[in-house]
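Some notes on the structure that comes next.
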Amino acid sequence: MRVILRFIALIIVWTVAVSSNFLSYVFPETYCDVIENNWGIVIPTDGGYSMELSADSGASFHGDGTRYHIMYFDDAERISVLLGWSDEIPESIIDYSEQLLDELDIYYRPDYENCVFYTQTKSDGSVIMIFWDESLREMYVLEEFF
């Protein structure tokens, strides 16, 4: 009888664990959770952060389109060591991000000269570009999904 009860308890614990992971993926709490789910990039939010701006190109059937977010972080040091930031932003990246921001009709943009930069591309051509301005403590996240 004890073996059966332990087995049932194990199944219940496993079901709860799997369900909570599934629910956190389907219903993320913050935009940083969305970035982690989509790109595997873990952005710490426990040091205090706020969403300054959120824009996207609208809903689509396949989930493709453009998203733009600006976040302010209290703890700039943690963000400054977060990713393999590049000090040099290629002109092609600046042109590409400006084109996407024009399409979104966004005027609040990164000051590229004061930012460091990180990018990641998926096999389907989807791309994330992250610009970090440590002096302003602002992170600019631009994503384009295909």
Side-chain angles (χ1 to χ4, degrees), residues 6-7 9-146:
R6 286 183 183 174
F7 181 72
L10 181 63
I11 289 174
I12 291 171
V13 167
W14 180 82
T15 303
V16 168
V18 169
S19 298
S20 66
N21 283 340
F22 174 75
L23 289 174
S24 69
Y25 183 80
V26 174
F27 303 108
E29 292 181 30
T30 68
Y31 181 65
C32 292
D33 295 332
V34 173
I35 292 173
E36 182 177 355
N37 290 340
N38 289 337
W39 301 97
I41 299 170
V42 179
I43 298 173
T45 58
D46 57 345
Y49 93 107
S50 61
M51 185 67 66
E52 301 291 313
L53 182 128
S54 179
D56 62 53
S57 58
S60 69
F61 181 74
H62 294 287
D64 54 348
T66 306
R67 295 182 193 158
Y68 181 60
H69 293 81
I70 302 173
M71 296 173 278
Y72 174 85
F73 289 87
D74 294 331
D75 189 354
E77 175 108 9
R78 287 180 75 189
I79 303 302
S80 294
V81 297
L82 178 67
L83 298 167
W85 299 110
S86 173
D87 293 332
E88 295 283 329
I89 304 173
E91 195 64 38
S92 61
I93 294 294
I94 294 172
D95 292 343
Y96 184 47
S97 65
E98 288 293 305
Q99 174 191 341
L100 294 175
L101 294 171
D102 284 345
E103 291 171 7
L104 289 174
D105 201 26
I106 299 293
Y107 298 101
Y108 192 63
R109 300 169 184 217
D111 179 359
Y112 300 105
E113 291 182 13
N114 291 326
C115 290
V116 291
F117 165 73
Y118 174 83
T119 189
Q120 184 177 328
T121 305
K122 291 187 175 183
S123 60
D124 67 356
S126 297
V127 63
I128 185 171
M129 296 173 281
I130 304 175
F131 304 93
W132 169 242
D133 187 332
E134 185 174 16
S135 65
L136 296 177
R137 298 181 181 183
E138 288 184 329
M139 178 183 287
Y140 309 84
V141 180
L142 186 56
E143 299 171 277
E144 185 173 34
F145 292 97
F146 294 103

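Side-chain atoms are counted along with the backbone in the values below, which use heavy atoms only and exclude waters and symmetry mates.
Atom-to-atom distance recorded for Glu143:CD and Leu100:CG is 11.0 Å, nearest 0.5 angstrom. Going from atom CD of Glu88 over to atom CD1 of Ile93 covers 13.0 Å, rounded to the nearest 0.5 Å. A distance of 5.5 Å separates CD1 in Ile41 from CG in Leu83, rounded to the nearest 0.5 Å. Rounded to the nearest 0.5 angstrom, Ile79 CD1 and Asp74 CG are separated by 10.5 Å. Here Phe145 contributes atom CZ and Thr66 contributes atom OG1; the two are 9.5 Å apart, rounded to the nearest 0.5 Å. In this structure, the separation between CE on Met139 and CD1 on Ile35 is 7.0 Å, given to the nearest 0.5 Å.
With Thr119 contributing its side chain and Met129 its backbone, the two residues share no donor-acceptor pair below 3.5 Å. Between the side chain of Arg137 and the main chain of Tyr72, no donor-acceptor pair closer than 3.5 Å is present. When atom types are taken as modelled, the side chain of Lys122 and the backbone of Asn38 share a donor-acceptor pair closer than 3.5 angstrom. With hydrogens and angles disregarded, no donor-acceptor distance shorter than 3.5 Å links the side chain of Glu52 to the backbone of Glu138.
Taking 4.5 Å as the limit, some side-chain heavy atom of Leu82 sits within range of a side-chain heavy atom of Pro44. Looking at Tyr49 and Cys32, their side chains come closer than 4.5 Å, going by heavy atoms from C-beta outward. In this structure the side chain of Arg109 reaches within 4.5 angstrom of the side chain of Asp102, judged on heavy atoms. Contact of the Arg78 side chain with the Asp46 side chain is registered, since non-hydrogen atoms from C-beta on lie closer than 4.5 Å. Put simply, the side chain of Tyr118 does not reach to within 4.5 Å of the side chain of Trp132, judged on heavy atoms. Counting heavy atoms from C-beta outward, Leu136 and Asn114 have side chains that stay 4.5 Å or more apart. A 4.5 Å side-chain heavy-atom check between Asp111 and Phe131 finds every atom pair outside the cut-off.
Pairing each heavy atom of Leu104 with each of Ser57, the nearest pair is CD2-N, 3.5 Å. In plain terms, the two heavy atoms of Ala55 and His69 that are nearest each other are O-CE1, 4.5 Å. In this structure, Tyr140 and Cys115 approach most closely via the heavy-atom pair CE1-SG, 4.3 Å. The shortest heavy-atom contact between Ser135 and Asp133 is OG-OD1, 2.6 Å.
Just one of Leu53, Val141, Leu142 meets the side-chain contact (heavy atoms from CB on, under 4.5 Å) condition when paired with Ile70; it is Leu53.
Side-chain atoms of Tyr112 and Ser97 form a donor-acceptor pair, as typed in the model, at a separation below 3.5 Å. A side-chain N or O of Tyr107 and one of Asp105 form a donor-acceptor pair less than 3.5 Å apart.
Ring to ring, Tyr31 and Trp39 are not that close: their centroids are 6.0 angstrom or more apart.
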>> Walk me through whether Leu101 and Tyr68 qualify under side-chain contact (heavy atoms from CB on, under 4.5 Å).
In response: CA-CA 8 Å; Leu101 294 171; Tyr68 181 60; 3.5 Å; yes

